[in-house]
Structures are given as C-alpha cells and as structure tokens.
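Letters A, B, ... mirror the listed sequences (proteins, then strands); counts begin at 1.
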There are 4 protein chains.
Amino acid sequence: MSVPTPYDPHSPEGSAKRSRRKEARPRELLDAALDLFVEKGFAATRVDEVAARAGVSKGTLFLYFPSKEELFKAVVRENIVGRFTEWNSELETMTGSTSDVLRYCYKVWWERIGCTKASGITKLMFSEAQNFPEIAEFYQQEVIFPGQALIRRILQRGMDRGEFRQVPLDGATYLVMVPMIYLMLWENSMGACSPQVMGLTPQNYMDSALDGILHGLCVRPEATLAPSPSPTVSPHSSV
Amino acid sequence: MSVPTPYDPHSPEGSAKRSRRKEARPRELLDAALDLFVEKGFAATRVDEVAARAGVSKGTLFLYFPSKEELFKAVVRENIVGRFTEWNSELETMTGSTSDVLRYCYKVWWERIGCTKASGITKLMFSEAQNFPEIAEFYQQEVIFPGQALIRRILQRGMDRGEFRQVPLDGATYLVMVPMIYLMLWENSMGACSPQVMGLTPQNYMDSALDGILHGLCVRPEATLAPSPSPTVSPHSSV
Amino acid sequence: MSVPTPYDPHSPEGSAKRSRRKEARPRELLDAALDLFVEKGFAATRVDEVAARAGVSKGTLFLYFPSKEELFKAVVRENIVGRFTEWNSELETMTGSTSDVLRYCYKVWWERIGCTKASGITKLMFSEAQNFPEIAEFYQQEVIFPGQALIRRILQRGMDRGEFRQVPLDGATYLVMVPMIYLMLWENSMGACSPQVMGLTPQNYMDSALDGILHGLCVRPEATLAPSPSPTVSPHSSV
Amino acid sequence: MSVPTPYDPHSPEGSAKRSRRKEARPRELLDAALDLFVEKGFAATRVDEVAARAGVSKGTLFLYFPSKEELFKAVVRENIVGRFTEWNSELETMTGSTSDVLRYCYKVWWERIGCTKASGITKLMFSEAQNFPEIAEFYQQEVIFPGQALIRRILQRGMDRGEFRQVPLDGATYLVMVPMIYLMLWENSMGACSPQVMGLTPQNYMDSALDGILHGLCVRPEATLAPSPSPTVSPHSSV
DNA sequence: GATGAATGAGTGTTCATTCAT
DNA sequence: TATGAATGAACACTCATTCAT
C-alpha cells in the first residue's frame with residue numbers, strides 16, 4: 001500500500017517484463033533495505049548495498065525514494081501493517097478461556113510477526129529511535145499503543161470473568177508484552193550472532209514465558225495451566 | 001582497569017594538574033563516547049564530537065585509542081561491570097526468603113546498573129552486535145552468562161527451599177531477566193524520546209514485574225507477597 | 001534551416017497533428033533550450049528541464065540531438081541571425097544623412113535582435129566562450145565580424161560625405177557597437193534580476209548612447225542632432 | 001580582510017612553514033577559484049580542480065569554505081575591495097581639467113582592475129547573476145552603484161565648470177562606464193579564446209573610447225583633446 | 001516516433017586518521 | 001603531551017545518456 005509506483009497507465013496485468021519489474025521494484029528495495037537496516041543500522045547501511053541486494057543500480061533506488069532517510073521511513077511505514085484491527089476483532093469472537101486467548105495471541109503473534117522479517121522493525125526502532133524521533137513517535141502511535149491496548153483488553157476480560165487476579169493493568173500489560181518484544185530484539189541482534197546461545201528455542205522460550213505469566217495471573221493456575229489441547233478459535237482454522 | 005595510559009612514570013599522586021588530567025583523560029573520553037554511542041549508534045557517532053565532549057582535540061583521542069573501533073571496544077569493555085562475583089557472595093550471605101533475595105536483586109541491579117549510564121551498554125550491544133561480533137561474544141561471556149547463572153542460583157535456592165514451584169530453570173531465568181533487560185533497552189532508546197510514554201515509572205514497572213514473577217513462582221504467593229518491610233541483608237546497610 | 005528532422009517523408013502539409021508536432025519539435029526544444037541556457041548557463045541547465053519546458057520527454061530530446069553539447073551548438077547556430085547581408089543592402093539604399101542611417105541602424109537592431117530572445121545568444125556566447133571555443137569562433141565569424149563591417153561601412157560613409165570627423169575606424173566602430181552589445185548582456189543577466197536598476201529604459205539608454213556617439217563623431221553636431229522627424233528610409237516603411 | 005583563518009594563536013611572524021601556509025591558504029584557494037570560476041562558470045568548475053590548483057586536497061578546501069557556493073560568494077566578496085572610497089577622495093583632490101580627470105580615471109581603473117584578475121569578477125557576475133540573485137544584488141550595491149556615482153560626480157564637475165555640455169547625467173554615465181565594463185567582459189570570455197580578434201590593443205581601445213566620449217561631451221573638443229602631456233594629479237605621482 | 005525506467009560515471013561533501021608543530 | 005591542519009577514501013546523490021517497450 002502507498003508504494004511509490006510512478007503510476008504506470010497501461011499494462012492491464014498482461015504487461016511485459018519491464019513494467020512488471022517496475023511494479024515490483026519498490027517492494028524489492030524495501031525488503032533489501034529492511035534486511036540491511038536491521039543488520040547494520042541506518043548509518044552503516046550503504047545505499048549501493050541496498051540497491052545491489054534488490055538487483056538494481058544505485059540510481060534506480062533514488063528513482064523511487066528521494067533520499068536514504070525517506071527510504072528508511074518507508075521501510076518502517078511499510079512494515080508496520082495495521083494488523084491490530086484484524087486481531088482485535090479476531091479476539092473478540094473467541095469463546096474459550098482467557099488463558100487460551102492469551103496463548104492464541106502469543107501463537108499468532110509469533111507466526112505473523114515474531115518469526116518474520118517484520119520483527120526486525122522493532123529492533124530497528126530501538127536502535128535508531130534517537131536519530132529519528134518523528135519515526136519513533138509514529139511507531140509508538142501505530143504499534144506500541146495499539147499492541148498495549150490489545151493486551152490490556154485481554155487482561156481486562158480475564159479479570160472481568162474472574163479468571164485472572166485483580167492486578168494493576170499497566171504493569172501486567174508489560175509483563176505480557178515484554179517477553180515478545182525482547183524476543184524480537186534478541187533474534188535480530190545478538191541472537192543472529194550466536195544462535196544457540198539463548199539455550200532455548202523460541203517456542204520453548206515463549207511457552208515458558210506464557211507459563212510464568214499465567215501462573216502469575218490466574219486465580220487457580222494449576223487448574224487452567226494444563227493447556228487445553230486446541231483453543232477454540234473461529235477464524236483461520238489452520239492456526 | 002586496563003585504561004590505556006601511555007607510560008605514566010607512576011606520578012606519586014602529588015603530581016601537577018596536568019598529569020592528573022592525563023590520568024583522567026581516557027576515562028573522560030570513554031564516558032563521552034559511551035554517551036554518544038548509546039545515543040546515536042557507532043556509525044553515526046563522530047569522533048570529533050566525542051573529543052569535544054571530553055574537552056580535548058580530535059588528535060588527543062587518537063593518542064589514547066588507535067581507532068574509532070578500538071574506542072568502541074574499550075567503551076564496552078570498560079563499562080561491562082563484572083560485579084557478579086561480588087553479588088554472588090553477597091547473595092550467599094543472605095538469610096531471608098528467596099522472594100526477598102529476588103527483590104533485593106532487582107533493587108541492587110537498578111541502583112548500580114539500571115539507573116546508571118552502564119545500562120546504555122546493553123542498548124549498545126543489542127544495536128551493534130552484528131557489526132561487532134567478537135565483542136558481542138565477549139559481552140555474552142562477561143555479562144549475560146554470569147547474570148543468567150546468578151538468577152539461576154537464586155531460583156534454585158527458592159526451589160530447594162520449597163519456596164518456589166518446580167519450574168524449568170532456563171525459562172524461568174528469562175522470566176526474571178527479561179524485564180530488567182527490556183527496561184535498559186527502553187530507557188536508552190524510545191524512552192529517551194518521549195519519556196513519559198511508558199505510563200509507569202521505572203519503579204512501578206519493576207514492582208509490577210516482581211509481583212508478577214513472584215506470583216508465578218511462589219508456592220503460596222499470597223503469604224509471601226506482602227513484602228516484608230526490610231529485607232534482612234547484611235552488606236551495604238544503606239541499601 | 002538545417003533543423004534535424006529525422007527522415008520526414010515530406011508530409012504534404014495536410015498531415016495529421018502528430019506529424020505537425022514532429023516538425024515543430026526541434027524548434028520547440030531549441031527555444032526551450034535557449035531560454036534555459038541563457039538563464040542558467042550550459043552546465044547548470046538540465047536536459048530534463050529543457051525537455052519538460054518543450055513538453056516532451058527526456059528521451060525525445062535525444063531523438064533530435066545526440067547530446068547536450070550538440071543541443072547547445074544547435075541553439076547557438078539556429079539563433080545566430082545572419083541578417084547582415086539583408087541589412088547591408090538595406091543600408092546601401094538609404095539616402096538620408098549618415099546620422100540618420102546610424103539611428104535607423106540602432107532602431108532596427110533593437111527591434112529585430114535587441115528586444116528579442118535572440119539577444120540571449122550574445123549573453124550565452126560571452127558566458128560559455130571558453131567552454132566552446134569552436135562555437136565562439138563560429139560566432140565571431142558569423143556575427144561579430146559582419147556586424148563590425150556593417151558599422152564600419154556606415155562610419156566610412158559618414159566620413160566620406162564629410163558628415164563625420166576623420167576618426168580611426170576600428171576604435172569608432174567599437175564606440176558604436178559596444179552600447180548595443182552591453183545592453184544585450186545586461187538585459188540577459190543582471191537586468192533580469194532587478195529590472196529597474198539600470199535607471200533608464202532601454203530606449204532612453206539607446207537614445208543617450210546615440211546622442212553621445214553622434215556628438216563625438218559629427219563635424220557640426222548641433223546642426224545634425226535635432227533628430228529629423230522621420231528618417232528617409234525606403235524598405236520596411238512600417239519601421 | 002575577513003579571510004576565514006581559524007585563528008592561529010602563536011607564531012609571531014617567525015612561524016614555521018605549516019602555519020604560514022595556513023594563513024596563505026584561503027587566499028590561494030580564492031585565487032584558484034577566481035581563475036576557474038571566471039574561466040568555466042560556477043557549475044562547470046569542480047572543487048577538486050580548485051583545490052588542486054591551490055595545491056591542496058579537496059578536504060582542505062572544505063576546511064576553509066563550508067560549501068562550493070560559499071566559496072563562490074567569498075570569491076566575489078574578496079575581490080570587490082572597497083576601492084571606491086579611495087578613488088573618490090583621490091579624484092576630489094584633482095585640480096586639472098575634467099577631461100584629464102576622466103582620462104586619469106580610465107588609466108587608474110585599467111591599472112588596478114581592468115588588467116588584473118579582478119576584472120574576471122565582472123564577467124562572473126554577468127554569467128551567474130541569475131543563479132545567485134543575492135550575490136548579484138550585493139554586487140550592484142557594492143560595485144555598480146558606487147562606480148556609477150563616481151562617474152556621475154566627474155561629469156557633474158565637468159558641467160559645473162563649463163567644460164562639458166549640459167547632458168542628461170544617467171545616459172552620459174553609461175556612455176563612460178560601458179566601454180570599461182565591456183572590455184572586462186570581452187577579455188574574460190571571447191578575448192581569451194582568440195586574443196587578437198579585437199583588432200585593437202586594450203590601450204588603443206580605451207584611447208578611442210575616451211576620445212569619442214570627450215568629443216561627445218566637451219564644449220570645445222578640439223581645444224581640450226590635444227591630451228595635455230601629464231595630468232596634474234596629486235597622489236600616487238608614479239601614475 | 002515517443003516514452004520513461006534504468007544506468008553509472010561523476011560531484012559535492014564528510015570524517016576517520018595522520019603528522020608537523 | 002596536545003594540537004588542529006591536512007588528507008583522501010568513502011559516501012549520498014545527480015544527471016546525461018541508453019534502450020526496451
């Protein structure tokens with residue numbers, strides 16, 4: 001969405017090779033840029049490298065993005081997809097225990113964000129926030145706050161239904177979010193150096209975190225924590 | 001320790017101002033560099049700026065550090081506080097409940113690391129790990145592993161004494177460490193942009209985290225979680 | 001003349017709009033280029049801008065002119081008006097006083113060159129002569145020398161008929177030419193910035209120059225300088 | 001004056017090679033830049049070339065001038081020395097005929113400006129005025145207007161003393177100035193290509209111009225125009 | 001014939017590093 | 001020891017030119 005494609009008028013999808021490339025170009029560039037920015041940081045990433053990785057020349061990059069800084073912003077913007085509305089409605093339709101909702105939440109997050117390149121954006125933001133305050137601000141508005149709200153709603157549901165202890169919402173929200181955020185940061189920095197150093201697979205890490213969190217939250221943990229084999233989730237039955 | 005002071009003829013401490021400055025130079029440079037590296041990252045930090053902030057000329061910086069890269073490594077090395085042996089013995093002498101030990105651990109960590117510039121090192125490592133793999137490795141050896149071991153020992157103590165549930169050590173260790181690490185990362189990146197955005201003071205954040213963790217770990221949380229007014233800790237009575 | 005129209009199958013003037021455009025293309029490009037070259041100089045003028053101002057794409061420009069440099073040369077060549085033979089014969093038929101001939105000469109020059117875009121060519125040549133020596137040479141042969149010869153012939157006429165003092169021809173020729181040349185240069189450079197700064201309208205400037213010149217040349221200035229109301233010129237009665 | 005010398009504290013004129021260079025650097029750079037800007041125009045001049053001609057590296061140039069544009073401005077500013085005040089007072093003390101004053105004026109102008117590199121500035125301004133409007137404005141204020149005023153004062157003197165005809169001042173001022181300006185423009189553009197093409201030496205050109213001008217101005221030209229062997233000028237007896 | 005996407009050599013500018021003083 | 005002038009390799013960005021469509 002809003003990919004800078006200098007409006008190609010003709011070619012009703014039966015287009016030739018050249019114009020198909022033209023449409024694909026910005027995305028390829030953004031992907032290459034995401035990789036490199038995440039890996040090396042903004043300043044240490046050379047635009048030639050980005051172009052080369054996208055398979056084009058340096059000049060071509062500047063055809064689509066007027067400057068390195070705008071490229072950076074586009075990378076962040078493009079990868080901050082507003083999935084939260086989707087998730088919100090998804091979670092509202094769930095009927096199971098709030099523990100299961102939380103579990104499902106972790107699972108879905110991992111599959112759609114955590115284990116994809118999109119997780120690199122978070123690393124990027126933490127690394128470059130001070131150099132790009134406007135972008136950091138934007139990121140908070142678009143990602144952090146909606147994410148917090150999502151978690152908060154789940155916690156509230158748990159407390160409302162008597163499943164969770166009465167806890168201060170803000171603190172508990174962090175308790176839930178932080179393990180996910182940390183995993184993204186780790187995987188895109190130190191974890192990429194010596195992969196096995198965490199000692200745990202991401203799956204195990206997340207299971208442990210969930211277990212700890214739910215034990216801390218649930219009124220009768222021992223009862224709930226034998227994980228019900230399949231959460232009763234309506235959409236995306238493949239999940 | 002290991003501060004590079006080029007042949008200092010042991011100046012018997014009654015020396016003139018000049019040589020006292022000379023001794024202080026490297027530390028001042030390292031401090032300035034730490035600030036800037038944390039703030040802007042390695043690549044975006046200019047050595048002129050480091051020198052200027054330390055109050056010396058650019059040439060002088062290169063008198064003490066042969067290159068920007070070596071300066072970076074020195075910054076990390078110098079600020080990696082290897083206090084774990086000290087903390088280890090401290091914790092061994094503690095007689096209170098393991099909950100209190102953990103509480104004390106958080107408190108002491110916050111006071112000695114979390115709220116100081118040293119916390120910036122962690123941010124630095126996460127941001128630059130991929131550009132400096134050797135030093136990331138070093139950081140893991142010197143900080144992460146000892147830290148993990150420390151936490152692990154506390155958890156083991158809790159389980160041994162029947163205070164904590166039997167939980168898998170690795171996962172639980174992360175549950176304890178991650179909130180601290182995350183706080184350092186936040187405060188040195190996004191938190192520095194819009195400070196109040198977390199919604200919680202660091203203190204509240206840590207209290208919430210501890211509360212959640214202990215609830216998740218303790219066998220009889222409700223009994224232990226009324227925080228005993230003063231933990232019975234021997235050293236550093238001021239704490 | 002010599003406009004580069006790639007094999008135009010003589011399209012018998014009843015042709016469609018497209019081919020009429022095709023014929024007009026080079027002229028439109030040359031006009032646009034003249035404007036921009038005069039305004040910003042050769043190096044600072046972008047071929048995209050030229051193309052855009054001519055309403056075509058960059059690629060089209062290169063269809064007609066093989067390089068920016070050739071475009072420049074074509075601009076100069078096309079705009080160098082070789083009207084001197086025409087003017088020569090015009091002046092030979094004049095019967096009035098040589099003062100009036102000179103006056104007429106100024107007037108006609110102003111109307112046909114001085115106040116048109118063609119005057120920009122002189123500015124261009126003075127600005128770029130060193131970068132385009134061959135074309136500067138060409139300009140001298142085609143414009144400067146014929147112009148000098150024209151003036152010289154008029155001066156000779158004046159001296160031959162006893163109207164003008166006996167003066168060295170070369171010097172006097174400059175006395176006559178320089179005010180015109182200067183006016184072209186001024187109008188196309190500084191004059192375009194702050195137009196009124198000259199303090200005089202071009203007309204007043206030229207009248208003053210003529211007055212000064214004739215006073216300096218005429219044997220009995222006071223007699224001749226009451227400008228005879230209408231010079232007895234044969235061709236172009238509208239002038 | 002106002003040469004950007006990053007204040008060299010020590011070295012009381014017995015300085016070593018390095019610091020003497022440092023003082024000379026900006027002037028050398030400005031000289032090199034003047035040459036090249038005049039020769040090729042602003043856009044076509046490469047900063048490497050300027051640096052090379054000044055015998056330094058490209059980086060050094062940027063030590064003294066923050067950008068190519070500032071270098072250009074400095075070139076103009078530095079070469080527009082406020083000579084006009086000097087000349088004004090000089091001319092006020094002259095006692096001879098106004099014809100002689102005008103003659104002296106031409107002579108002195110030629111020696112101090114016309115035949116020096118400073119004349120290139122005028123060419124520069126005419127070529128680049130549209131690209132640097134602020135500078136063109138500055139040039140008019142600092143050079144053109146004072147120059148006009150100087151000439152005007154001389155003409156007024158001639159008319160006041162009954163030596164010159166009563167003529168409109170503005171027009172006559174141009175009559176006097178334009179030959180000088182044109183000479184500068186010619187010499188720094190086409191004249192530099194094919195030097196002999198003017199047909200006249202600058203001296204002859206100027207003599208002719210003066211002769212024509214004075215003939216046009218003087219009440220009794222034949223009397224005054226036998227040039228008095230040596231103008232009675234007080235200052236600078238060597239002139 | 002006309003387009004405009006693609007190119008890459010070239011330009012202004014920066015910055016870590018050196019070294020004469 | 002400390003300086004800061006000097007360097008030049010490296011970078012972001014431009015723009016004349018090409019060429020597939």
Side-chain angles (χ1 to χ4, degrees), chain A residues 5-11 15-19 21-22 25 43-49 51 56-69 71, chain B residues 6-8 18-19 21-22 25 43 45-51 56-69 71, chain C residues 6-8 18-19 21-22 25 43 45-51 56-69 71, chain D residues 5-11 15-19 21-22 25 43-51 55-69 71:
Chain A
T5 316
Y7 54 95
D8 163 288
H10 48 92
S11 73
S15 61
K17 203 191 306 174
R18 185 111 164 209
S19 68
R21 306 278 350 236
K22 183 179 62 167
R25 228 22 70 97
T45 296
R46 324 260 152 255
V47 306
D48 327 42
E49 252 181 309
V56 298
S57 76
K58 201 182 359 178
T60 302
L61 188 153
F62 284 95
L63 229 50
Y64 291 93
F65 303 96
S67 74
K68 189 186 178 185
E69 201 160 323
L71 172 64
Chain B
Y7 60 96
D8 165 285
R18 178 88 165 239
S19 70
R21 303 272 354 229
K22 185 180 61 173
R25 266 315 119 81
T45 296
R46 330 246 152 267
V47 307
D48 324 44
E49 255 181 306
V50 175
V56 299
S57 76
K58 206 179 0 175
T60 304
L61 187 153
F62 283 91
L63 228 52
Y64 291 95
F65 305 95
S67 75
K68 188 186 178 187
E69 206 157 307
L71 172 64
Chain C
Y7 59 98
D8 166 283
R18 179 87 165 239
S19 72
R21 302 274 355 232
K22 186 180 62 173
R25 259 325 114 78
T45 296
R46 329 248 152 268
V47 307
D48 325 44
E49 253 182 308
V50 175
V56 299
S57 77
K58 207 179 359 174
T60 303
L61 187 153
F62 282 92
L63 229 51
Y64 291 95
F65 304 95
S67 75
K68 188 186 179 187
E69 206 158 309
L71 173 63
Chain D
T5 315
Y7 56 95
D8 165 286
H10 48 90
S11 75
S15 63
K17 204 190 305 175
R18 185 109 165 212
S19 68
R21 307 281 347 239
K22 184 180 60 167
R25 224 30 67 101
T45 296
R46 326 259 153 254
V47 305
D48 326 43
E49 255 181 306
V50 175
V56 299
S57 76
K58 203 177 5 174
T60 303
L61 188 153
F62 284 93
L63 229 51
Y64 291 94
F65 303 96
S67 74
K68 189 186 178 186
E69 201 162 322
L71 173 64

Study note, to complete from the structure: Atom CG of A/D48 and atom P of F/dA9 are separated, to the nearest Å, by 17 Å
**Study point:** E/dA6 phosphate, OP1 or OP2, under 4.0 Å from A/Y64 side-chain N/O
**Key:** yes
Check your understanding: With respect to the phosphate group of E/dA6, does any side-chain polar atom (N or O) of A/T60 fall under 4.0 Å of OP1 or OP2?
Key -> no
Check your understanding: If you take atom types as modelled and just measure distance, does the side chain of D/K58 reach the base of E/dT13 with a donor-acceptor pair under 3.5 Å?
Key -> yes
Revision key, fill the gap. Here the distance between atom P of E/dC15 and atom CZ of A/R46, to the nearest Å, is 12 Å
Practice item. Write down the atom of A/F62, the atom of A/P66, and the distance for their closest heavy-atom approach. Key: CD2-O, 3.9 Å
Point to revise | Interatomic distance where CG belongs to D/L63 and C1' belongs to E/dT17 [whole Å] | key: 14 Å
Check your understanding: If every non-hydrogen atom of D/E49 is compared with every non-hydrogen atom of D/A44, which pair is closest and at what distance?
Key -> OE1-O, 4.5 Å
Check your understanding: So which one's nearest nucleotide on DNA chain F is more toward 5', C/A43 or B/G59?
Key -> B/G59
Practice item. Look at the side chain of C/S57 and decide which nucleotide, out of E/dT13, E/dG4, F/dA12, has an atom nearest to it. Key: E/dG4
Review point. Roughly how far apart are D/E69 CD and D/L71 CG, rounded to 0.5 Å?
Key: 10.5 Å
Review point. Nearest to the side chain of C/V56 - F/dT7, E/dG12, E/dT3?
Key: E/dT3
Exercise for review: Can you see which heavy atom on C/K68 is nearest to which on C/T45, and at what distance?
Suggested key: NZ-O, 2.9 Å
Exercise for review: Provide, to the nearest angstrom, the distance between the CG atom belonging to A/L61 and the C1' atom belonging to F/dC13.
Suggested key: 10 Å
Exercise for review: Take D/T45 and B/T45, find for each the nucleotide of DNA chain E with the closest heavy atom, and name the residue whose nucleotide sits nearer the 5' end.
Suggested key: D/T45
Practice item. Quickly work out the A/F62 CZ to E/dA6 C1' distance and round it to whole Å. Key: 15 Å
Revision key, fill the gap. If pairing means Watson-Crick or G-U wobble with both distances under 3.5 Å, then the partner of E/dT18 is F/dA5
**Study point:** Minimum-distance pair of heavy atoms, taken over all atoms of B/A43 and A/A43
**Key:** CB-CB, 3.6 Å
Exercise for review: Check the distance between E/dT13's P and D/L71's CG and give it to me in whole angstrom.
Suggested key: 10 Å
Check your understanding: NA contact type, A/V47, heavy-atom cut-off 4.0 Å: base, sugar-phosphate, or nothing?
Key -> sugar-phosphate
Practice item. Among the candidates F/dC15, F/dA6, F/dC13, find the nucleotide nearest to the side-chain atoms of A/K68. Key: F/dC13
Check your understanding: Paired with E/dG12: which nucleotide, if any, by Watson-Crick or G-U wobble criteria at under 3.5 Å for both distances?
Key -> F/dC11
